[in-house]
Amino acid sequence: MLAFELVHCLLDRQQRNSHMPPMNLLNNFDAPGQIWAGISALSAILVLASSLADRHRHRRTDINAVGFMPWTLITVFGVLATVLSAAIAIKAS
């Protein structure tokens with residue numbers, strides 16, 4: 001059912017835009033979808049950085065040099081933010 005609605009929406013958008021004159025780049029800007037996609041990309045970079053930092057912390061040579069950042073928790077919340085913002089970006093576009 002969802003695939004049928006998606007195809008119907010895409011065909012409706014295509015038919016609606018077929019009779020419209022060409023627009024410039026600013027009119028084609030899909031602000032909500034692109035902003036959420038950017039947030040998703042930034043949070044994915046955060047996940048990558050925090051995963052590398054967590055790996056570095058677990059492989060440390062000085063066992064007493066633990067640090068104070070909760071890298072595992074940051075990674076979990078980063079993955080959650082990435083998935084949610086990507087879902088919203090897909091829904092918005």
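Numbers here simply count residues along the sequence, with the first being 1.
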Looking only at heavy atoms, which two atoms of [X] and [Y] are closest? And how far apart?
X   : Y   : value
S40 : A86 : OG-CB, 3.5 Å
M69 : R57 : O-NH1, 4.1 Å
T82 : S43 : OG1-OG, 2.9 Å
I63 : V66 : O-CG2, 3.9 Å
A37 : A89 : N-CB, 3.6 Å

* To do: For T75, enumerate each residue passing the side-chain hydrogen bond (donor to acceptor under 3.5 Å, both in side chains) test, keeping only those at least two apart in sequence or located in another chain.
  =>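 Result, side-chain hydrogen bond (donor to acceptor under 3.5 Å, both in side chains) vs T75: S50.
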
* Any residue meeting side-chain hydrogen bond (donor to acceptor under 3.5 Å, both in side chains) with S51, in chain and number order, not counting sequence neighbours -> none

* Heavy-atom distance under 4.5 Å between the side chains of I88 and K91, does that happen here? ->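 No, side chains not in contact.
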
* Asked: Any side-chain heavy atom of D54 within less than 4.5 Å of one from R59?
  -> no

* Asked: In Å, rounded to the nearest 0.5 Å, how long is the span from CH2 of W36 to CG of L84?
  ->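 One gets 8.5 Å once the value is rounded to the nearest 0.5 Å.
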
* Measure the CZ-CG distance between F77 and L46 for me, rounded to the nearest 0.5 Å. => 12.0 Å

* **salt bridge (charged side-chain N to carboxylate O under 4.0 Å, His left out) partners for R60, two or more places apart** => none

